[in-house]
Amino acid sequence: MTFPVHRPRRLRRSEALRGLVRETRLSAQGLVYPMFACPGTKVRTEVSSMPGVFQQSVDQIVEECREVADLGVPAVLLFGLPEHKDETGSEAAAAHGAVQRAIEAIRKAKLNLLVVTDVCLCEYTSHGHCGVVKDGEVLNDPSLALLAEAALSHARAGADIVAPSDMMDGRVAAIRQKLDQKGFADVAILSYAAKYCSAFYGPFREAAESAPQFGDRRGYQMDPANAREALREVALDLEEGADIIMVKPALPYLDVIQRVRERFDVPVAAYNVSAEFSMVKAAAQKGWIDEQRIVLEIMTSIQRAGASIILTYHAKDVARWLKAC
Ligand code: PBG
């Protein structure tokens with residue numbers, strides 16, 4: 001028996017009813033706000049393809065972090081720009097690097113904020129690749145020690161969570177081992193487990209000045225055509241000791257988020273990446289879309305697919321809008 005006994009519209013008649021039966025409830029508690037730390041003081045340079053996103057020196061980062069914390073966003077993700085780039089990205093692990101100093105400054109300011117750090121070499125290497133390069137090849141195993149050193153330098157500075165994004169095989173194990181050895185067993189690892197080789201990172205590479213100077217990242221990041229392989233990547237990272245696993249990008253990979261959520265009982269994060277953000281911003285600036293409704297719908301869809309943690313450049317706006325409604 002269907003109609004007229006069954007009428008799904010009964011539960012859509014008022015906001016109170018809709019709220020009562022809502023399956024996905026957005027909250028600022030699952031948001032992480034990405035930020036870009038650069039050398040210098042009083043530097044605040046807007047990224048042209050990402051309105052409202054800045055490369056900032058440590059003093060400015062702390063100010064924005066205060067705002068982030070006040071809005072009820074619980075965490076920031078820090079990326080760093082070095083003073084100098086070199087072949088091995090040596091500044092990635094420098095105690096005086098922009099990220100390391102930003103972590104210390106946020107800690108010193110006693111902000112109620114979790115600090116997550118991106119662990120990768122691409123912002124720090126002269127060739128822009130995420131690992132060590134020899135004869136035009138990105139070498140896997142020699143990159144692991146450098147990534148582990150970078151993660152250790154973040155832990156030493158006071159990071160709560162380190163997030164390797166390089167996609168070298170074995171990097172989670174290398175980082176876990178190094179952190180444990182040096183007394184940082186409590187620092188968690190959020191691994192970019194299923195990270196696709198995506199055109200959606202375009203604007204980020206302007207923000208982080210990390211575009212590869214030759215070739216591309218297809219030899220280490222995942223093929224966008226593969227979903228089953230993502231489950232294998234996630235399984236491997238969990239075996240190696242990842243605490244939280246991430247799918248990236250988010251919107252074009254909702255199916256992957258859902259499959260990962262169904263298969264694994266660990267916290268699942270999704271990265272709503274730079275071009276996902278820039279496309280919305282550009283259309284909103286042209287007056288073609290309702291930015292608030294579009295963004296909240298995107299956030300809802302990512303969470304509905306199965307991600308309980310969302311890394312997004314919209315985090316501050318989302319927190320503001322959620323407070324208002
Ligand atoms: C570093 C890294 C990238 C992003 C996060 N970490 C870029 C890349 O892999 O080229 C992309 C984030 C974004 O687009 O917002 N490897």
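In each ligand, atom 1 is the first atom listed, and ligand 1 is the first ligand listed. Reckoned from all heavy atoms, side chains included, excluding hydrogens, waters and symmetry mates.
- Tested against Tyr271 for a side chain to side chain contact (heavy atoms under 4.5 Å, CB included), the candidates Thr312, Val247, Leu311 yield a single pass: Leu311.
- More than 12 heavy atoms of other residues, nucleotides or ligands lie within 6.0 Å of CZ in Arg10, so this atom counts as buried by the packing criterion.
- Under the 4.0 angstrom criterion for non-hydrogen atoms, Cys120 is in contact with ligand 1.
- Other residues, nucleotides and ligands contribute more than 12 heavy atoms inside 6.0 Å of the CG atom of Asp223.
- Atom 12 (C) of ligand 1 has Phe204 CD1, 3.3 Å as its closest protein atom, hydrogens excluded (heavy atom only).
- Between the side chains of Gln55 and Glu209, a donor-acceptor pair is found at a separation under 3.5 Å.
- Using a distance-only test at 3.5 Å, with no hydrogens or angles considered, a donor-acceptor pair links the side chain of Glu276 to the main chain of Ala250.
- In this structure, the protein non-hydrogen atom closest to atom 2 (C) of ligand 1 is Lys195 NZ, 3.3 Å.
- The shell of residues lying under 4.0 angstrom from ligand 1, judged by heavy atoms, excludes Asp166.
- Counting the atoms of ligand 1 from 1 in the order shown, those under 4.0 Å from a heavy atom of Tyr271 are 12 (C), 15 (O).
- Below 4.0 Å from some heavy atom of Ser165 lie the following atoms of ligand 1, by number and element: 1 (C), 2 (C), 6 (N), 16 (N).
- No N or O atom of Glu123 sits closer than 3.5 Å to an N or O atom of ligand 1.
- Because its NZ or CZ atom is both nearer than 6.0 Å to the ring centre of Tyr201 and within 45° of the ring axis, Lys248 counts as a cation-pi partner of that residue.
- Residue Cys122 has at least one heavy-atom neighbour below 4.0 Å for each of these atoms of ligand 1: 1 (C), 16 (N).
- At distances below 3.5 Å, at least one donor-acceptor pair connects side-chain atoms of Asp160 with backbone N or O atoms of Val115.
- Of the protein's heavy atoms, Ser274 OG, 2.7 Å lies nearest to atom 14 (O) of ligand 1.
- Close contacts between ligand 1 and Phe79 involve ligand atoms 5 (C), 6 (N) [criterion: under 4.0 Å to a heavy atom].
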Q: Any chance you could lay out the salt bridge (charged side-chain N to carboxylate O under 4.0 Å, His left out) test for Arg232 and Glu229, step after step, and finish with the verdict?
A: CA-CA 5 Å; Arg232 180 160 166 69; Glu229 187 188 355; over 6 Å; no
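- Of the polar atoms of Tyr313, at least one N or O is found under 3.5 Å from an N or O of ligand 1, judged by distance alone.
- At least one heavy atom of Lys248 sits less than 4.0 Å from an atom of ligand 1.
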